[in-house]
Structure formats: structure tokens, C-alpha cells
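Quick notes on the structure that follows.
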Amino acid sequence: MSKFILKWGILATGGIAETFARDLWPNPETRDVKDVEHKVVAAASSSSKSRAEDFLKEVRGVEGAKAYGSYKELANDPNVDIIYVATPHSHHYQNVRLCLEAGKNVLCEKAFTTNAKQLEELIKIAKEKKLFLMEAVWTRYFPLSIQVREWITSGKIGPVYRTFADLSMAMPPEDTFKDNHRMVNPALAGGALLDLGIYSLTWIFQTLYTTQKKPQAPSLLTAVRKYRTGIDEQTTMLLNFPREDGGEAHGIATTSFRVDGDPDGKASAGPSIRIQGAKGEIQVFHPAFRPTKTKLILKDGTVEEKDWDFPGPGKGSGWKNGFGGTFQEEGEGQGMYWEADECAYALRDGRKEGKYESLEESLVIMRTMDEVRKQGGVKFPDKIETTDYPVDLN
Ligand SMILES: NC(=O)c1ccc[n+]([C@@H]2O[C@H](COP(=O)([O-])OP(=O)(O)OC[C@H]3O[C@@H](n4cnc5c(N)ncnc54)[C@H](OP(=O)(O)O)[C@@H]3O)[C@@H](O)[C@H]2O)c1
């Protein structure tokens, strides 16, 4: 049987765009995916064509790929099946809309948009145009996450009453970022919540919401510590989820640029995520976005620790991937390919959204983050909160 080949366009040339494009190179058979393949056929930079050319030089297996000096040219390339949007959060609405209006399917980095209104608009357009649209919350597509959800839905730890989830990385902003950097700049929708906290929320939602047959949106209480630029540098969220069997389940989601979820880098601080049920708990270790270790602890005395692989071409391949100057072992994947595989299966089979996070769920999470910002008094400029289109942000 011939394989389905998904032809990717990469929109933006920053850190994660490079990591994602690199992860499309390993043969999917190395992770037991036998019926789909990926090919980067084009990349675009908002600054210049030569920047896009330089970007493509950093990625394997992109011979013949086109380089563009504008996102519009990429959106109009008839050879591209799907566009991966990897600009700052502030730009997602404008960039995704450009792609959808041009008739392109889209995988968009987290956080999906700046606010829920923008996402509602994008979903409406994608539905009208019968296009695929998915938020690139890669962690949801890991075999580790699939297993954790399966442990919950199969009743392994009994009814789940509470999940703690943290993603905190100590990077004192004043020493780490200039005030115009996307991590702390309100004009680029910076802050701990939209960048890191979304992973804490991912674990809360995929354990207390996705696993319910008729999930209901949670109520919320928030504490926010602000940075001098006005963004949140530390946020704590208490979420109360109505459960289908009556009663509630609690989610405690935390995120910070000030303290570290794994201060010594050896997991001495214990798990970052604890999913607690009547019969035991599931622990997941830092970092919440790319965990490699789980521990299942049951009241009957069972303790099962598991290390999770990120397959790839292996040692001797001369290939490495990573992010932010940190690389995995030679030949080990970053793990972004699993969400890419999901896009390929969806497009092959005619599905219009991701299997493990529906657009409706992305929207509920976006509404939750809107409410966190409202309670915490975190505001972004009107220019990036609007649903007007087109708006020139650069
Ligand atoms: N999944 C993950 O693990 C992960 C990790 C990090 C980040 N992310 C997400 O990926 C997105 C991008 O993050 P990143 O770390 O890759 O950011 P980055 O390194 O700053 O890259 C962003 C890119 O966006 C483009 N861009 C367009 N307009 C821009 C503007 N006004 N200011 C800055 N950049 C602009 C630039 O490329 P061109 O102009 O050349 O197109 C730039 O290189 C964010 O949504 C972030 O949350 C995800």
C-alpha cells in the first residue's frame, strides 16, 4: 500500500519552527508509523527570502523546498497541504487566518490565539471552508499521554478527584529577557500563562476533562504575580470541574518564571504532575511539555515506574534535535513528529480536527486563560486582541 505523504509549509523561522521541521525528517517507521510520511516543501520568513533559505539549510530532507520572503506567498503555494504556524502568540490569529483564507489546512503553535473570540472566529472560518485546524499541543500526542488517559478511562486509579500540574522554569526575566522579548512583551502576548502555564492546563484538562464522556467547563480562581512589563510571571489556578457522576474534581495548575519544577535537573523534587484517584495515583515527571517518566502507585501495593522513548534514527545517524540550545541524544527525536503524524492521518482520512484535543476543548482552555488574565488584571494591546483582519502587526 502506498504511503500518504503530507506536504508541509513552515510559517516563521524561529526556534520551534526549526525544531518542528527537523523532527519531520526521521523515517516514521522508526516509531512504528508505517502508512504516512512528511515532507517540508516550503518555508517562509516575514523578514526576507534569504532568512527562509538559511532556515531550510538547517533542516534535513528538504531538497527542492521553496523559500519565501512573505507569509502570503507561502499561503498561496499550491504544492503545500498544511501550514505549521510558529510565530509569537500575538500573531497566530492573523497568520492562521491568512492561511485559512487561502484555503490551507493549519497546525498552529500554542497558545492557539490571544483570546477565545479570535479562536471562535478561526474555527468558524475553518468549518465554513472545510479545512483541518489543530492546536500544536504536541504533548497530547505522546504515547505517554495516551497511556495516562487510558489508565484513567479504564478505571486503573478509580474515579479521579484531583490533579496537580506544574510547569515552572526558573528564568528571572530581568536577567534572561530584554523587555521586548516575546516571553515578557505584552505586545507579543508574553507571560508565563500563555507560554508555560498552558502545559499545566493541558495536564489538568487531559486528565479531568478529555477523559469525561460529557465534559463540562470548570469554574476558576486565580492568583497572579505580575512582572514590570505587565505580563504574568507566576500564576496559580484552582479549577473546579463538574463530574458526570455528580460532585466535582479539582485541578491545581501552577506556572512560574521564578521557581523551578526540577531545581537540580534530576527529579529530586518529585513529580510535576499528580493525578489522584480513589485507588491510587499517576505521577508524571518534569518537564510537563516533554515528560519522559511516569510512576503508577496503587493502594494495592503496585508501583510501576516507566521511562518513555522518543524514537529516531539512532546513534551513528549524525542527526540531533532539541530546542533552545539543549539537544537530545544523537538520533533521538524531539517528539513533535507524533502531532505531525496525527495531522497526516486526519488529512488522509478527511477529519477536520485533532483526535486527542478537539477544537471545542481548545476553545474551553482559551476561555479559561481569558478568565485567568481577567482575574489577574493582565491586559494586552487592543491590536493583538482584535478579531479585525487584516491587521499589520510588524
Ligand atoms: N511546542 C513547543 O515546545 C514550543 C516551544 C517553544 C515555543 N513554542 C511556541 O512557538 C511559537 C514561537 O516560539 P519560538 O520560541 O519559536 O519564538 P521565536 O524563536 O522568537 O520565533 C518566532 C518567529 O516568528 C516570526 N515573527 C514574525 N513576526 C514576529 C515578531 N513581531 N516578533 C518576533 N517574531 C516574529 C519570526 O520568524 P520570521 O519573521 O523569520 O518568519 C521569528 O523567528 C510560540 O507560539 C510559542 O509558544 C512552542
Side-chain angles (χ1 to χ4, degrees), residues 9-23 42-56 58 67-75 83-96 98-99 106-114 118-119 134-142 167 169 171 176-199 201-202 231 255 287-291 310 321-326 328 333-340 357 362 366 369 380-381 383-384 391-394:
I10 310 292
L11 187 150
T13 64
I16 205 63
E18 189 174 318
T19 307
F20 181 82
R22 279 176 193 251
D23 235 33
S45 168
S46 66
S47 62
S48 65
K49 185 178 173 188
S50 62
R51 173 69 203 118
E53 282 164 353
D54 290 345
F55 171 86
L56 287 166
E58 298 298 321
Y68 294 114
S70 77
Y71 297 159
K72 196 171 177 184
E73 287 170 279
L74 175 68
I83 295 180
Y84 170 66
V85 172
T87 48
H89 317 141
S90 48
H91 288 46
H92 290 176
Y93 175 72
Q94 297 293 329
N95 299 154
V96 172
L98 173 79
C99 299
V106 175
L107 172 68
C108 176
E109 258 311 327
K110 40 56 70 173
F112 219 145
T113 47
T114 305
Q118 291 183 340
L119 183 54
M134 183 174 119
E135 186 176 11
V137 186
W138 57 317
T139 318
R140 288 208 179 222
Y141 298 85
F142 290 6
L167 180 60
M169 298 171 83
M171 38 189 178
T176 318
F177 308 114
K178 290 190 175 145
D179 283 359
N180 64 358
H181 190 278
R182 76 161 187 88
M183 292 292 273
V184 292
N185 185 353
L188 296 177
L193 175 69
L194 264 64
D195 202 78
L196 305 183
I198 188 163
Y199 287 108
L201 288 172
T202 291
I231 57 93
T255 187
F289 52 80
R290 188 182 183 275
F310 289 72
N321 203 0
F323 178 76
T326 308
Q328 313 304 342
Q334 181 74 2
M336 302 194 83
Y337 41 53
W338 283 305
E339 66 181 354
E357 184 176 13
S362 285
M366 208 65 235
M369 294 198 292
F380 298 139
K383 206 173 167 177
I384 66 161
V391 173
D392 185 6
L393 297 176
N394 284 322

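This structure is a prediction, so every number in the text was calculated from the model and none was measured. Order of appearance sets the numbers: ligands from 1, and atoms from 1 within every ligand.
A 4.5 Å side-chain heavy-atom check between Ile16 and Tyr84 finds at least one atom pair inside the cut-off.
Cation-pi contact between Arg290 and Phe310: present, with separation from the ring centre below 6.0 Å and deviation from the ring axis of at most 45°.
Protein neighbours of ligand 1 below 4.0 Å, counting non-hydrogen atoms: Ala12, Thr13, Gly14, Gly15, Ile16, Ala44, Ser45, Ser46, Ser47, Arg51, Tyr71, Ala86, Thr87, Pro88, His89, His91, His92, Glu109, Lys110, Trp138, Arg182, Leu188, Asp195, Tyr199, Phe323, Met336, Asn394.
Without hydrogens or angle criteria, Asp195 side chain to Met183 main chain gives no donor-acceptor distance under 3.5 Å. Under the 3.5 Å distance criterion, the side-chain polar atoms of Thr13 are left unmatched by any main-chain donor or acceptor of Ala52.
Salt bridge annotation for Glu357-Arg140: present, with a cationic side-chain nitrogen under 4.0 angstrom from a carboxylate oxygen.
Of all the heavy atoms in Gly335 and Phe142, the pair that sits closest is O-CE1, 3.4 Å.
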